[in-house]
Amino acid sequence: MSKDTSLHDIGVQNIGEPIRITDVEPLGGVSAEPGKDGQKIKIWTKLALTSDEQLFHRIADSFVNAITHLARQAGTSVNLRRADTVLLVLKPKGLAELWVDTAAISMQCAVKRSIKTGTVIFERDIADITGMSFPCVDIGKEDQLVCLFRQDWRFALAFDMNPDGELDLKGFERTLGSLYRQMKYRHLYDGLGDSTVFNRLIKAGWFPFVEIINSEFKDILLNCEADFDLTEVEEKVLSKFDPSRTEKILERWMAKSHFSDKEGLLKSAINAFNNKDPFSVIKILLTEIEGVLNGAHRAAYEGQGAKLNKLLAFAELSAERKAGGSNTLLFPKEFGRYLKEYTFGNFDPSSDSGSAGSRHAVGHGAASQESYTMTRALQAILTLDQLAFYT
């Protein structure tokens, strides 16, 4: 069974009982194409989609009608269109449990700081969402699952008809987490998916860095979408980074061996930022990013270093492996592009076009003095910090 006994030990339980149904016929799946009587058609036995997709509404309506009918069989009337979370567990021998807003829900998250059991988690503490589960519901290997839930003004549907009789429950929980993440952070996916907006972000040196993704980044994104000047919002963001916050970032770095090897340099950069010395911050960090990446690469590949292009590819791959995919809030592919086009972007030395956002311009002494701003210094810190979550 999948029940999490550790949660029961601390008193976590469902808020109600399920509707228990008998004489339920096992579900085969959902038709993937039309077919006439006697024709062979394809069916989906596993599927996950949100209400942003046109097919969702047809399939969701079909499931709602079927589940409502099953509830009536059990002598219960339910209005699933007003429910937040619906979980149908179909068990062997024609048994089923229908949970309508009564099952305890657990979200699996990657967090930015050390957390003790019982600590209140703020949205700003969340780095990524990797799973969603029902820890106090008994789910067996032979069961079939259907889950329909809402987040804000969107809905998601996932089902697994378990055709092989070996339910991949962990995989189903990851799927639910992915659906939740897509709906909760739709604005981020839309923003990075809009080439015009993403180009503006990169040009200004911004990215949904983990440290600001659930806090300051929203205002940055809104201003880029409107094509407003970013000076005012950048000043607000800078004001949020006091010594207490930068020290926490430094602590996160020191927990990584390929960062702690450069402890003196990185401490100097953080101290310089706290002392409002962008020159030192940028000179130190932009020239150390490649070294940190190389250290992580050596640790992963038996001491072998690599050149820049391979290091950037390694950063993307590491993030995908760590987060379990490329569509997570770490945005590995998009960050790879940010590194290539901004942090390690080429510049033309003959036209004096370098800025303090470019590692190459800084390293060759070609960045103008005016471009060494506190905003650029913060971006350098956040860029290096992003790699702490990747490697």
Side-chain angles (χ1 to χ4, degrees), residues 112 127 202 205-207 209-212 238 241 243 245-301 303-319 322 330 332 335-347 354-369 371-391:
K112 302 176 188 177
I202 291 177
W206 288 110
F207 187 79
F209 300 108
V210 171
E211 177 62 27
I212 63 172
L238 280 170
F241 281 82
R245 188 169 181 182
T246 56
E247 283 301 317
K248 289 177 182 176
I249 292 175
L250 182 61
E251 288 175 11
R252 185 157 59 228
W253 294 353
M254 292 304 102
K256 304 278 185 175
S257 61
H258 46 289
F259 281 78
S260 60
D261 289 344
K262 300 175 180 293
E263 181 176 0
L265 286 163
L266 300 184
K267 279 186 176 180
S268 294
I270 293 298
N271 289 336
F273 182 84
N274 293 335
N275 291 326
K276 294 182 170 48
D277 174 12
F279 301 102
S280 297
V281 178
I282 293 168
K283 281 289 188 181
I284 292 171
L285 294 188
L286 285 192
T287 53
E288 290 301 320
I289 288 175
E290 186 174 350
V292 167
L293 264 178
N294 229 330
H297 189 279
R298 289 192 183 97
Y301 293 98
Q304 293 184 5
K307 293 184 178 180
L308 181 59
N309 285 339
K310 285 189 176 181
L311 290 178
L312 297 181
F314 164 72
E316 289 184 37
L317 182 61
S318 295
K322 192 167 185 178
L330 294 183
F335 188 60
R337 181 185 163 194
Y338 173 86
L339 290 175
K340 292 171 186 174
E341 296 185 15
Y342 187 75
T343 308
F344 293 99
N346 291 323
F347 73 101
S355 79
S358 164
R359 183 259 182 236
H360 298 312
V362 169
H364 288 86
S368 65
Q369 180 170 299
S371 66
Y372 283 83
T373 64
M374 285 298 292
T375 294
R376 296 287 177 267
L378 177 58
Q379 290 168 349
I381 289 173
L382 296 177
T383 299
L384 184 60
D385 187 53
Q386 191 79 359
L387 295 175
F389 291 93
Y390 279 29
T391 55

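Since the model is a prediction, treat every value here as computed from it, not as a measurement. We number each residue from 1, following the sequence as shown.
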Next on the checklist: With side-chain contact (heavy atoms from CB on, under 4.5 Å) as the criterion, how do Leu330 and Phe389 come out once you've worked through the C-alpha distance, each side chain's angles and the decisive distance to 0.1 Å?
Outcome noted: CA-CA 8 Å; Leu330 294 183; Phe389 291 93; 4.1 Å; yes

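- Pro332 and Ala319 make their closest contact through CB-CB, 3.5 Å (heavy atoms, listed as atom of the first residue, atom of the second, distance).
- Nearest heavy atom pair, residue Ala356 against residue Leu286, reads O-CD1, 3.2 Å.
- For NZ of Lys322, the number of neighbouring non-hydrogen atoms (other residues, nucleotides, ligands) closer than 6.0 Å is greater than 12.
- Under the 6.0 Å cut-off for aromatic ring centres, Tyr342 and Phe207 do not qualify, their centroids lying 6.0 Å or more apart.
- Arg376 CZ to Thr383 OG1: the interatomic distance, rounded to the nearest 0.5 Å, is 11.0 Å.
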Got a list of side-chain donor-acceptor pairs under 3.5 Å for residues 304-315, not counting sequence neighbours?
none

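- Residues Arg337 and Ile202 come closest through the heavy atom pair NE-CD1, 3.6 Å.
- For the pair Ser268 and Ile284, the tightest heavy-atom approach, listed with the atom from each and the gap, is CB-CD1, 3.9 Å.
- Within the 4.5 Å cutoff, the side chain of Thr373 has no heavy atoms near those of the Ile282 side chain.
- For the pair Thr246 (side chain) and Pro243 (backbone), a donor-acceptor distance under 3.5 Å is present.
- Checking Arg245, Lys112, Lys248 one by one against Glu211, the side-chain hydrogen bond (donor to acceptor under 3.5 Å, both in side chains) holds for a single residue, Arg245.
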Item to check | From CA spacing to verdict: side-chain contact (heavy atoms from CB on, under 4.5 Å), Leu266, Met254 | outcome: CA-CA 9 Å; Leu266 300 184; Met254 292 304 102; 3.9 Å; yes

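- Here the CG atom belonging to Asn275 is positioned 11.5 Å from the CD1 atom belonging to Ile270, to the nearest 0.5 angstrom.
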Item to check | Intermediate values then yes/no, side-chain contact (heavy atoms from CB on, under 4.5 Å), His297 and Leu293 | outcome: CA-CA 6 Å; His297 189 279; Leu293 264 178; over 6 Å; no

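- Interatomic distance, Phe259 CZ to Leu384 CG, rounded to the nearest 0.5 Å: 4.5 Å.
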Next on the checklist: Run Thr391 and Val292 through side-chain contact (heavy atoms from CB on, under 4.5 Å) and show every step you take.
Outcome noted: CA-CA 10 Å; Thr391 55; Val292 167; 5.5 Å; no

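- Between Thr375 and Trp206, the shortest heavy-atom contact is CG2-CZ2, 3.8 Å.
- Within the model, atoms CD1 of Ile249 and CG of Leu382 stand 6.0 Å from one another, a figure rounded to the nearest 0.5 Å.
- Annotation: the span from Leu250 atom CG to Asn274 atom CG amounts to 9.5 Å, rounded to 0.5 Å.
- With values rounded to the nearest 0.5 angstrom, Tyr372 atom OH is found 3.5 Å from Lys283 atom NZ.
- Defined by atom type and a distance below 3.5 Å, a donor-acceptor pair is missing between the side-chain atoms of Gln386 and Tyr338.
- Ala272 and Ser280 make their closest contact through CB-CB, 3.7 Å (heavy atoms, listed as atom of the first residue, atom of the second, distance).
- Side chain of Asp385 to main chain of Ile381: no donor-acceptor pair is present (N/O by atom type, distance under 3.5 Å, no hydrogens or angles).
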